[in-house]
Amino acid sequence: MQSKNYIFDARPDFPFLITAKRYWFEDTPYSDDAFTLVFAHASGFCKEQWETVIDGIFKLLRQSEDNKNEKSPTMFKIREMWTIDAPNHGEAAILNEQTLQWGYDNIFSWDAYGRAIHAFLSGHGSRTKSGSYFREHNIIGIGHSLGAAAIMLSTTFQPSIPYKSFHLFEPTIYGPQWGVELHEYFLDIALKRRDIWPSSEEAFNTMRNRPAWKTWDERILKLFVRHGLRTLPTLDYPDKTIGVTLSCSKKQEAAACRDPTSRFVAYNLLRHLVKKIPTHITYGSIHECFPAASRHDILNNASGGIEHFSSVSEIEGAGHLVVHTHPDSVVEVIWKALRKDDISKVNKSYSKVKL
């Protein structure tokens with residue numbers, strides 16, 4: 001598998017630089033019906049944390065291509081995959097460090113992540129040809145938590161991105177009746193997060209023994225340490241010159257938690273999106289962040305009815321950070337959804353899968 005990093009500049013129309021990464025097989029033949037998968041990450045993390053899932057999807061694709069005698073051969077093809085950072089996360093946070101000082105340290109709207117995804121896929125800005133590049137792609141949006149909401153919010157900008165389907169993992173969207181309780185829950189986590197370690201090695205050794213990280217798949221944790229941390233000093237810590245800190249500072253993660261409206265906008269968008277864009281939704285079986293009533297509300301009320309989803313899946317033993325703790329199960333869910341998605345006709349049937 002090949003990969004390449006890109007920096008997209010849509011300034012001055014969009015104030016932030018956008019960082020994205022492309023993944024592909026060098027020998028993948030061009031096909032006009034192939035899928036292009038676009039991944040958006042959860043709050044506090046970075047685009048590279050999807051790489052274990054991406055690698056798993058490519059491996060299944062290769063196995064399917066090599067198995068010529070398979071009774072049910074994979075009909076779909078994958079052209080390439082992309083991951084995109086939120087402007088205040090990962091590599092983008094480092095490039096945008098100065099801009100983020102311009103009043104974004106109190107509230108950072110999730111809408112900005114949605115706009116970054118839209119700007120990149122639409123080729124907004126005169127310094128790039130990505131607009132014409134993606135114009136003929138069959139794009140599937142895949143998001144986790146904040147990233148799921150951002151993928152949804154990217155549909156609110158023009159020109160519209162012709163998504164072929166969505167897959168939402170533990171989407172952080174909910175009705176206002178849970179707003180205060182969940183706002184405070186996520187904000188408290190962000191503000192109490194440890195954010196300085198003597199070295200990357202020390203960070204990894206500490207994290208894998210702490211409750212917050214010890215349940216993660218080790219491959220995901222290594223990716224986080226490699227790509228989600230940065231060396232000191234930073235503008236937030238100008239006097240600390242030794243060690244590493246979070247690329248998405250806890251100040252910026254807290255600022256995203258304080259966004260008062262975006263998750264509700266996405267909540268209200270859901271009933272419209274599921275009717276025009278085939279949407280798969282996946283939860284962990286453990287209700288560690290959202291009350292069960294909130295999930296029931298999303299599936300049965302906010303969506304207009306569970307029958308509007310292309311599929312509903314539940315990964316056994318996983319909680320909100322399902323992508324980090326159960327990446328192989330996430331691969332299986334996405335793979336099944338890709339097999340189900342057909343560009344010209346989608347079979348919208350309800351299925352609950354426990355893995």
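Note that these values count all heavy atoms, side chains included, but never hydrogens, waters or copies made by symmetry.
- Checked by atom type, the side-chain pair S154/Y163 shows a donor-acceptor distance below 3.5 Å.
- If you look at H320 and Y283, their ring centroids are not closer than 6.0 Å.
- When side chains are defined from C-beta on, E307 does not count as touching F309, because their heavy atoms never get closer than 4.5 Å.
- In this structure, the side chains of I161 and S122 come closer than 4.5 Å at one or more pairs of heavy atoms.
- Under the 4.5 Å side-chain heavy-atom criterion for Ile, Leu, Val, Met, Phe, Trp and Tyr, V38 and Y133 are members of the same hydrophobic cluster.
- Counting heavy atoms of neighbouring residues, nucleotides and ligands inside a 6.0 Å radius, atom CD of Q98 does not exceed 12 of them.
- Looking at I151 and I142, their side chains never come closer than 4.5 Å, going by heavy atoms from C-beta outward.
- Looking at S145 and T172, their side chains do bring a donor and an acceptor atom within 3.5 Å of each other.
- T52 contributes no side-chain N or O that, together with a main-chain N or O of P327, makes up a donor-acceptor pair within less than 3.5 Å.
- Between W82 and Y6, the ring center distance clears the sub-6.0 Å criterion.
- Dense packing is recorded around CG of L235, with more than 12 heavy atoms of other residues, nucleotides or ligands lying under 6.0 Å away.
- Between K59 and D55, at least one side-chain nitrogen of the basic residue sits less than 4.0 Å from a carboxylate oxygen of the acidic one, meeting the salt-bridge criterion.
- Atoms OG1 and CH2, from T83 and W50 in turn, are 10.5 Å apart once rounded to the nearest 0.5 Å.
- Using a 4.5 Å cut-off between side-chain heavy atoms of Ile, Leu, Val, Met, Phe, Trp and Tyr, with links allowed through other members, Y23 and L61 fall into the same hydrophobic cluster.
- Checking side-chain atoms of D9 against main-chain N and O of L17 turns up no donor-acceptor pair under 3.5 Å.
- For an aromatic pair to be called close, the ring centres must be under 6.0 Å apart, and F58 with F25 satisfies this.
- Under the 4.5 Å side-chain contact rule for hydrophobic residues, Y185 and I286 do not share a cluster.
- Between R219 and D328 there is a salt bridge, since a side-chain N of the basic residue sits under 4.0 Å from a carboxylate O of the acidic one.
- The residues E51 and K21 are annotated as salt-bridged, a charged nitrogen and a carboxylate oxygen being separated by less than 4.0 angstrom.
- A cation-pi arrangement is absent between R79 and F35 under the rule of less than 6.0 angstrom and at most 45 degrees off the ring axis.
- A salt bridge links K192 to D188: one of the charged nitrogens lies within less than 4.0 Å of a carboxylate oxygen.
- A pairwise comparison of heavy atoms in A337 and H167 identifies CB-ND1, 3.7 Å as the closest pair.
- Side-chain N or O atoms of D85 include one that pairs as donor or acceptor with a backbone N or O of K47 at under 3.5 Å.
- Side-chain contact between L269 and T155: present, with at least one pair of heavy atoms (C-beta onward) separated by less than 4.5 Å.
- Taken from CD in E80 to CD1 in I54, the straight-line distance is 11.0 Å, to the nearest 0.5 Å.
- With contacts defined as side-chain heavy-atom distances shorter than 4.5 Å, the pair L299/V312 qualifies.
- Looking only at distances, no side-chain donor or acceptor of E97 sits under 3.5 Å from a matching main-chain atom of T234.
- At a threshold of 4.5 Å between non-hydrogen side-chain atoms, the residues L153 and S262 count as touching.
- The shortest heavy-atom contact between A203 and L229 is CB-CD1, 3.7 Å.
- Formation of a donor-acceptor pair under 3.5 Å by the R258 side chain with backbone atoms of N106 is found in this model.
- The backbone N or O of D195 sits less than 3.5 Å from a side-chain atom of T245, completing a donor-acceptor pair.
- Between atom NZ of residue K214 and atom OG1 of residue T206 there is a gap of 13.0 Å, rounded to the nearest 0.5 Å.
- For R193 and E253, the salt-bridge test passes: some basic side-chain N is under 4.0 Å from an acidic carboxylate O.
- Two rings, from H89 and H41, have their centers less than 6.0 Å apart.
- When ring centroids are compared, F45 and W216 come within the 6.0 Å threshold.
- With hydrogens and angles ignored, the 3.5 Å screen pairs a side-chain donor or acceptor of R194 with a backbone N or O of I196.
- Tracing side-chain contacts under 4.5 Å through hydrophobic residues (I, L, V, M, F, W, Y), one never reaches I315 starting from I220; they form parts of separate clusters.
- A ring pair (Phe, Tyr, Trp, His ring centres under 6.0 Å) with F16 is found for exactly one of W102, Y113, F8, F108, namely F108.
- To the nearest 0.5 Å, atoms CZ (F166) and NZ (K164) are separated by 12.0 Å.
- Judged purely by atom type and a 3.5 angstrom limit, S303 uses its side chain to pair as donor or acceptor with the backbone of I298.
- What you find for P15 and Y104 is that their closest heavy atoms are CG-OH, 3.8 Å.
- Ring centers of F169 and H280: at least 6.0 Å apart, outside the cut-off.
- For the pair P171/I281, a side-chain contact is recorded, criterion being any heavy-atom separation below 4.5 Å from C-beta on.
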Subject >> Audit row: W110, F264, ring-ring contact (aromatic ring centres under 6.0 Å, His included) steps and yes/no >> reply: CA-CA 11 Å; W110 297 8; F264 302 138; 9.3 Å; no
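- The environment of H287 atom NE2 is dense: over 12 non-hydrogen atoms of other residues, nucleotides or ligands sit within 6.0 angstrom.
- Atom CG of residue L321 and atom CH2 of residue W213 lie 11.0 Å apart, to the nearest 0.5 angstrom.
- Cluster membership for F76 and L60, using ILVMFWY side-chain heavy atoms within less than 4.5 angstrom, is shared.
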Subject >> N96 and N88: CA distance, side-chain angles, deciding distance, side chain to side chain contact (heavy atoms under 4.5 Å, CB included) verdict >> reply: CA-CA 7 Å; N96 293 317; N88 62 342; over 6 Å; no
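- In plain terms, the two heavy atoms of F224 and G44 that are nearest each other are CE1-O, 3.7 Å.
- Between the side chain of D297 and the backbone N or O of A293, no donor-acceptor pair lies under 3.5 Å.
- Within the model, atoms CG of L100 and CD1 of I94 stand 11.5 Å from one another, a figure rounded to the nearest 0.5 Å.
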**OP:** Go through the steps for V323 and Q49 under the test side chain to side chain contact (heavy atoms under 4.5 Å, CB included), then give the verdict.
**Re:** CA-CA 8 Å; V323 173; Q49 287 186 265; over 6 Å; no
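- Side-chain contact between W197 and F204 is absent, with no heavy-atom pair separated by less than 4.5 Å.
- In terms of heavy-atom proximity, I277 sits nearest to S165 at CG2-CA, 3.7 Å.
- Closest of all the heavy-atom pairs between S109 and D259 is CA-OD2, 3.3 Å.
- Taking the charged nitrogens against the carboxylate oxygens, E48 and K222 have no contact shorter than 4.0 Å, which rules out a salt bridge.
- Panel note: side chain R263, backbone G175; no donor-acceptor pair is recorded below 3.5 Å.
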